[in-house]
Amino acid sequence: MFNLLRMDLRRLLRSRSFYITLSVMAVMIVLVDLMAVSMSDPEFLDAMEAGGAEISEYDRQEGELIRSFSQLQLVNECFSNGFLLLVTGIAVTVFVSQDFTSGFVKNIGAIQPSRKRYVLEKSLVAGLYSGIVTVLAVALAVASPLLMGFAPRPDTLLDILQYTCFLWLPNWAFGLMALFMVLLSRSNTLGILMSLASGLGLTAAVSQVLPYLLHLPYPSPYFLSSVVREQCLPQPYPQQMQMVLFCSAGWGLVYLAASLVVMEKRDI
Amino acid sequence: MAVIQTFGLSKRYKDKWAVDHLDLQVEQGDIYGFIGQNGAGKSTTLKLLCGLARPTRGEALLFGKPVRDLVSRRRVGVLIEQPGLYPDLSGRENLKLYAILSGLDSPDKQVDEVLETVGLVPGEKKPVKHYSMGMRQRLGVGLALLGGPDLLLLDEPINGLDPEGIREMRELLLRLNREQGLTILVSSHILGELSKIATQYGIIQAGRMVEQLSAEELAQKCTDYLHVRTDQPRKAAALLERELHLTRWEMRPEGEIRVYGAVDTKAVGQVLTQAGISVEEMGLHRQDLEGYFLARMGGENHV
């Protein structure tokens with residue numbers, strides 16, 4: 001039971017792509033935090049202005065706002081743009097597609113004939129991978145301002161865990177989207193393209209066109225990128241939590257069902 | 001005991017039948033050479049046998065159980081087309097992953113044993129993407145051997161190997177068959193090599209089994225004629241016709257007698273010697289497997 005999951009965890013920890021993903025993510029988080037910390041420092045802004053840079057009143061207000069941030073508000077600055085979705089989507093795509101590009105899926109299929117089990121175990125892998133990425137990302141985003149000498153208002157551990165959990169759920173669902181794209185195309189191109197497009201909110205934006213023309217309600221608030229941007233907030237309201245749960249579960253189930261259909265329909 | 005049996009096994013892709021009512025039988029201990037032209041349905045048949053593809057019609061049994069039966073599936077090792085290996089990991093790591101996937105007890109020990117069996121160094125840290133073709137193929141066979149299967153399904157295992165690699169693979173398969181009693185179904189384009197190891201043959205054309213025969217039957221069928229050279233060819237021919245009631249024979253312009261069909265070589269020698277005719281040369285002329293296959297396919301198409 002769960003042999004494929006065990007195998008994938010071992011492979012994950014030995015794959016270069018895993019460490020490259022984490023490194024890229026870490027660099028991005030540190031850069032965003034560095035920018036935020038710099039912007040929050042009036043002396044830095046003064047020095048910039050003295051150096052010839054154009055610093056507006058808005059920049060100073062922004063700096064003040066950042067200084068008033070709690071830890072999670074600062075963390076949310078890093079992830080509300082869908083950056084973590086993008087990372088998860090690409091990471092899951094690259095990891096799962098290696099089964100097909102290397103041909104190892106033939107070995108898996110020969111040992112474990114159930115396609116349903118393959119999809120379910122890969123879904124768990126997507127969940128674990130997105131979980132690892134989310135936990136490490138949040139941990140780094142919390143720690144890095146402290147390491148830079150900036151101490152935002154502290155949040156409780158419970159709040160941080162809750163935020164992490166609610167950020168992970170849409171990421172997992174997004175990982176399932178990546179899984180579906182790989183199973184559909186048996187390569188990584190489609191998964192990477194969709195991760196870029198959806199993660200950055202492009203599909204949500206494009207999806208507004210048809211409802212606009214037909215005078216229908218916009219579906220975009222239910223898209224995962226919109227959920228991450230608008231609902232995954234520090235100390236969310238119950239409605240926001242429900243929305244995160246509803247959209248993550250909904251999209252997750254849709255992609256899981258689509259993956260099962262695709263895998264059942266085609267030979268390996 | 002039949003290790004593999006298929007009954008009317010068929011697989012259709014869109015409007016083409018890749019495998020069409022295939023009846024195949026492989027007995028325990030056989031090395032079964034599976035022969036056919038490109039696109040004849042060999043790989044599809046192997047995929048059907050190991051569950052990578054699902055039949056449109058018909059049934060396949062492994063060890064008397066349906067292909068989907070997990071217990072019988074565990075007794076099968078598979079190498080279909082190129083070995084499926086994660087390129088960034090070492091050969092040992094690939095085997096270890098497969099061992100975990102298979103749920104093997106003491107995987108490290110089994111992995112090392114398999115690496116030794118296929119002639120690879122257990123301590124090799126190099127990623128598979130830097131392996132030579134021969135090393136990859138051997139590692140592919142190693143994957144198929146993990147877990148101690150009773151049946152190996154090998155699709156073109158010597159494709160792309162150099163002569164040394166081909167020889168090593170041949171010796172490995174013979175050793176596995178001889179020492180571990182493995183039943184092996186092997187498809188290959190290189191019929192000369194196949195004929196050195198196979199004990200049974202199956203010839204497939206357009207998805208259908210054209211003929212199944214043993215190596216002995218093949219040897220008999222490949223025997224075209226007996227050729228005899230004597231010091232008195234005309235007298236010898238008349239004598240053989242009279243004494244052995246030969247009906248199909250000819251005298252070649254250079255004086256060689258060719259006797260077609262089944263003939264007792266010993267009796268020919270005795271009749272001629274007793275009549276005082278000196279036999280200068282006598283022997284059976286045989287087609288090779290490739291010649292037989294091409295004749296069976298009805299042309300000179302490539303295999």
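Below, chain A is the first sequence line, B the second, and so on; all start at residue 1. All values below come from the heavy atoms of this structure, side chains included, with hydrogens, waters and symmetry mates left out.
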Subject >> For chain A, which residues of residues 103-112 of chain B have heavy atoms nearer than 4.5 angstrom >> reply: B:G103
Subject >> Pairs of heavy atoms under 4.5 Å with chain B: top-ranked of A:G103, A:S102, A:G109 >> reply: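 Of A:G103, A:S102, A:G109, A:S102 has the most heavy-atom pairs under 4.5 Å with chain B.
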Original post:
Side chain, backbone, both or neither: which part of A:L5 has an atom under 4.5 Å from a heavy atom of chain B?
Top reply: neither
Subject >> Under 4.5 Å from a heavy atom of chain B, the part of A:R11 involved >> reply: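 Answer is both: backbone and side chain atoms of A:R11 are under 4.5 Å from chain B.
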**OP:** Answer yes or no for B:R138 and B:Y131: cation-pi contact, defined as NZ/CZ to six-membered ring centre under 6.0 Å and angle to ring axis within 45°.
**Re:**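 Output no; distance or angle outside limits.
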Original post:
Atom CG in B:L161, atom CD in B:E156: separation rounded to 0.5 Å?
Top reply: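 Here the rounded value is 11.0 Å.
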Original post:
Looking at B:I4, B:T183, B:V3, B:D69, which hits side-chain contact (heavy atoms from CB on, under 4.5 Å) with B:F63?
Top reply: B:V3
Original post:
Just one of A:L84, A:L169, A:V87 clears the side-chain contact (heavy atoms from CB on, under 4.5 Å) bar with A:T134, so which one?
Top reply: A:L84
Please classify the contact of [X] with chain A as side chain, backbone, both or neither, using a heavy-atom distance under 4.5 Å.
X: B:L85; result: backbone
X: B:L89; result: side chain
X: B:L79; result: neither
X: B:R74; result: side chain

**OP:** Run through A:Y222, A:F174, A:F223, A:W172 and flag the one making a ring pair (Phe, Tyr, Trp, His ring centres under 6.0 Å) with A:W251.
**Re:**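 Option passing the ring pair (Phe, Tyr, Trp, His ring centres under 6.0 Å) with A:W251: A:F223.
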**OP:** For the pair B:D20 and B:K11, evaluate salt bridge (Lys or Arg N to Asp or Glu O under 4.0 Å) and give the outcome as yes or no after the intermediate values.
**Re:** CA-CA 7 Å; B:D20 190 4; B:K11 177 71 184 177; over 6 Å; no
Subject >> Distance-only side-chain donor-acceptor flag, A:D8 / A:Y129, under 3.5 Å >> reply: no
Subject >> A:S130-A:N171 side chain donor-acceptor pair, cut-off 3.5 Å >> reply: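 There is no such pair between these side chains.
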Original post:
More than 12 heavy atoms of other residues, nucleotides or ligands under 6.0 Å from CZ of B:R175: is that the case?
Top reply: yes
Of the listed residues ([options]), which shares the most heavy-atom pairs with chain A below a 4.5 Å separation?
options: B:I100, B:D88, B:L52; value: B:L52
options: B:A53, B:G51, B:C50; value: B:A53
options: B:S102, B:G84, B:P87; value: B:G84

Original post:
Is there a salt bridge (Lys or Arg N to Asp or Glu O under 4.0 Å) between A:E264 and B:R54 once you walk through the steps?
Top reply: CA-CA 10 Å; A:E264 286 288 335; B:R54 291 181 180 142; 3.1 Å; yes
Subject >> B:D155 and B:S43: CA distance, side-chain angles, deciding distance, side chain to side chain donor-acceptor pair (under 3.5 Å) verdict >> reply: CA-CA 7 Å; B:D155 188 18; B:S43 295; 2.7 Å; yes
